[in-house]
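Letters go in sequence order (proteins before strands), and every chain restarts at 1.
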There are 2 protein chains.
Amino acid sequence: MESSSARSGGSTRREATRQKLYEAAVTLIAEQGFSATTVDEIAERAGVAKGTVYYNFASKSVLFEELLRHGVGLLTASLREAAERTDREGGGKVDALDAMIRAGLVFIDRYPAFTQLYVAELWRTNRAWQSTLMVVRQEAVAVVEGVLREGVADGEFSDEIDVQLTAAALVGMVLVAALDWKSFQPERSLDDVHAALSRLLQGRVSGRG
Amino acid sequence: MESSSARSGGSTRREATRQKLYEAAVTLIAEQGFSATTVDEIAERAGVAKGTVYYNFASKSVLFEELLRHGVGLLTASLREAAERTDREGGGKVDALDAMIRAGLVFIDRYPAFTQLYVAELWRTNRAWQSTLMVVRQEAVAVVEGVLREGVADGEFSDEIDVQLTAAALVGMVLVAALDWKSFQPERSLDDVHAALSRLLQGRVSGRG
DNA sequence: GTTTTTGAACTGACTGGTCAGTGCAAAAAT
DNA sequence: ATTTTTGCACTGACCAGTCAGTTCAAAAAC
């Protein structure tokens with residue numbers, strides 16, 4: 001007998017099941033939190049039996065950890081792509097920042113539940129997946145920090161800015177504004193929200209209109 | 001905001017017990033989340049018997065709800081005070097915003113656990129205390145929105161800014177930057193962090209140093 | 001003497017994780 | 001071509017443990 005890996009490269013069926021479980025878990029955990037969400041609920045929402053959850057993931061925590069890695073991976077890739085594209089097109093670092101803001105908004109627009117869950121868990125301590133979360137956070141924030149550093153290096157940004165703090169503040173600005181948008185003004189367009197944040201980034205809030 | 005108002009039956013002893021329970025609960029829930037924190041843990045950490053918890057609060061949820069109200073009350077008062085003080089001293093609206101950023105940082109510096117817990121719960125849906133949270137959030141954000149509106153009214157801010165979104169973004173900026181500060185660079189001074197955020201607020205990031 | 005706290009025992013519902021067994025499609029044997 | 005075997009993916013009843021909330025007699029604090 002052949003192992004499944006030799007059987008036309010990793011069973012599609014299993015991957016589909018895992019995807020369904022991710023989607024079910026992300027929604028439920030975003031709404032209720034990790035501990036308040038039961039494995040039975042996840043299984044039911046995904047339309048599989050409880051045993052299937054444990055066939056595909058070692059435990060509830062492991063399911064959640066892999067979900068985090070999966071999601072932040074998507075975000076990081078998207079941010080990186082935005083920065084690189086702007087670079088190729090000969091834009092400055094402000095344009096890169098702006099493009100990343102948009103990429104962030106697009107991501108949150110597409111995966112609001114994941115974003116919610118991420119924010120809710122990020123600053124917790126003493127949890128099993130703490131280290132996973134740190135690694136994954138750093139990957140994402142590092143992209144922003146990188147652009148800021150390059151901007152300082154070629155004189156586009158003041159060399160007095162605090163790269164780490166500024167990066168965190170920018171991420172927070174987008175995160176919270178976007179969650180507010182989705183929660184309280186979901187009818188607004190992405191462009192609209194993007195414009196408001198752009199304005200804030202470029203200091204066009206104070207001063208004449 | 002500590003005085004138990006002019007209520008006739010407000011025994012001091014009872015109030016002290018409630019305070020101890022708040023403090024125990026805030027830490028534990030910030031670390032582990034609401035569902036993962038047990039009433040037994042809270043009682044133990046507060047140094048009281050489990051029965052005392054139920055003598056003072058109707059349920060675990062009610063304890064948490066009152067905790068939320070209590071905490072956000074402190075923050076709102078602090079923000080309001082900062083805005084009014086700046087006003088009295090004849091500062092402009094930018095100064096008021098700046099003072100509120102500082103007030104926010106001071107608050108988070110003093111009550112990091114509460115802040116963590118607040119952020120973690122804010123965008124959840126389908127929870128018992130959802131409505132409480134909304135009310136309380138709006139109180140706090142409204143202070144920022146108020147200052148922005150006044151600034152627009154007397155021409156200090158562009159009338160093209162989106163008050164609601166900008167307020168949310170500013171709150172997010174401070175929130176996330178401060179949590180990052182506390183989590184990853186706790187040795188930095190508040191002044192330092194404040195300076196970095198001030199710079200960002202006033203658009204002194206891009207452009208010459 | 002009234003209010004508040006104690007602390008331990010108890011209940012009943014719920015939950016993460018387990019496991020013996022099922023279904024099925026491809027491979028092997030006939 | 002047909003029968004048999006293999007093993008992956010999945011199932012769902014079940015178990016052992018946990019936790020919110022209750023009860024209450026007695027002590028302590030006021």
Side-chain angles (χ1 to χ4, degrees), chain A residues 1-29 31-68 121 126-129, chain B residues 4 7-29 31-68 117 121 126-129:
Chain A
M1 271 296 106
E2 281 303 309
S3 70
S4 67
S5 55
R7 210 201 290 264
S8 69
S11 113
T12 310
R13 187 171 165 213
R14 199 164 181 204
E15 206 46 54
T17 305
R18 290 171 67 99
Q19 189 63 37
K20 278 195 296 184
L21 284 169
Y22 279 156
E23 274 160 30
V26 99
T27 319
L28 290 166
I29 297 179
E31 280 175 3
Q32 310 176 324
F34 176 81
S35 306
T37 302
T38 68
V39 176
D40 287 290
E41 278 178 309
I42 296 174
E44 192 191 339
R45 161 91 68 134
V48 302
K50 187 178 189 178
T52 305
V53 177
Y54 286 94
Y55 182 78
N56 282 281
F57 299 95
S59 69
K60 188 185 171 189
S61 300
V62 168
L63 161 57
F64 184 55
E65 259 181 83
E66 298 197 11
L67 173 59
L68 281 174
E121 293 295 334
N126 299 344
R127 305 228 78 175
W129 50 82
Chain B
S4 53
R7 251 177 53 230
S8 41
S11 121
T12 310
R13 185 164 161 232
R14 201 164 178 209
E15 206 47 53
T17 307
R18 292 170 66 98
Q19 189 64 37
K20 278 196 295 185
L21 284 169
Y22 280 158
E23 273 160 29
V26 96
T27 319
L28 289 166
I29 297 178
E31 279 174 2
Q32 309 174 328
F34 176 81
S35 306
T37 302
T38 69
V39 175
D40 288 291
E41 276 179 311
I42 296 173
E44 192 192 338
R45 161 87 71 134
V48 302
K50 187 178 183 180
T52 306
V53 176
Y54 285 94
Y55 182 75
N56 283 280
F57 298 96
S59 70
K60 187 187 172 188
S61 301
V62 169
L63 162 56
F64 184 57
E65 256 182 87
E66 298 197 10
L67 173 59
L68 281 175
L117 162 171
E121 293 295 334
N126 298 345
R127 304 228 78 176
W129 51 81

Do B:F34 and A:S35 have side chains that approach each other closer than 4.5 Å (heavy atoms only, starting at C-beta)? no
Of residues 54-67 of chain A, the positions that come close to DNA chain D - non-hydrogen atoms, cut-off under 4.0 Å: A:Y55, A:N56
Please say whether more than 12 non-hydrogen atoms of neighbouring residues, nucleotides or ligands are located less than 6.0 Å from CD in A:E44. no
Indicate the atoms forming the closest heavy-atom contact of A:V53 with A:V39, along with that distance. CG1-CG1, 4.0 Å
If you assign each of A:G51 and A:S35 to its closest nucleotide in DNA chain C, which residue comes earlier from the 5' end? A:S35
Below the 4.0 Å mark, does D:dT11 have OP1 or OP2 next to a side-chain nitrogen or oxygen of A:T52? yes
When all nucleic acid strands are considered with a 4.0 Å heavy-atom cut-off, which category describes B:T38: base, sugar-phosphate, or nothing? sugar-phosphate
Could you tell me the separation between the NZ atom of A:K50 and the P atom of C:dT15, rounded to a whole number of Å? 9 Å
What pairs of residues pass the ring pair (Phe, Tyr, Trp, His ring centres under 6.0 Å) test when at least one of them lies in residues 36-56 of chain A, not counting sequence neighbours? none
Can you measure from CG (A:L68) to OH (A:Y22) and round to the nearest 0.5 angstrom? 10.0 Å
Report the distance from atom CD of B:E44 to atom P of C:dG7, rounded to the nearest whole Å. 12 Å
Which of the following nucleotides, C:dG16, D:dT11, D:dG21, is nearest to the side chain of A:V39? C:dG16
Any side-chain N or O of B:T17 below 4.0 angstrom from OP1/OP2 of C:dT4? no
Contact residues, residues 18-29 of chain A to DNA chain C [heavy atom, < 4.0 Å]: none
From CD (A:E23) to CG (A:L67), nearest 0.5 Å: 10.0 Å
Separation of D:dC19 atom P from B:E41 atom CD, nearest Å, is 8 Å
From CZ (A:F64) to CD (A:E121), nearest 0.5 Å: 4.5 Å
Would a 4.5 Å heavy-atom cut-off, applied to side chains only, mark B:L63 and B:I42 as touching? yes
If you measure from CG on A:L21 to CD on A:E66, what distance do you get to the nearest 0.5 Å? 11.0 Å
Mind checking if A:T37 touches a base, just sugar-phosphate, or nothing, with heavy atoms under 4.0 Å? sugar-phosphate
Starting at atom CG of A:D40, determine the distance to atom C1' of C:dT18, rounded to an integer number of angstrom. 13 Å
Rounding to an integer number of Å, can you tell me how far B:I42 CD1 sits from D:dG21 C1'? 13 Å
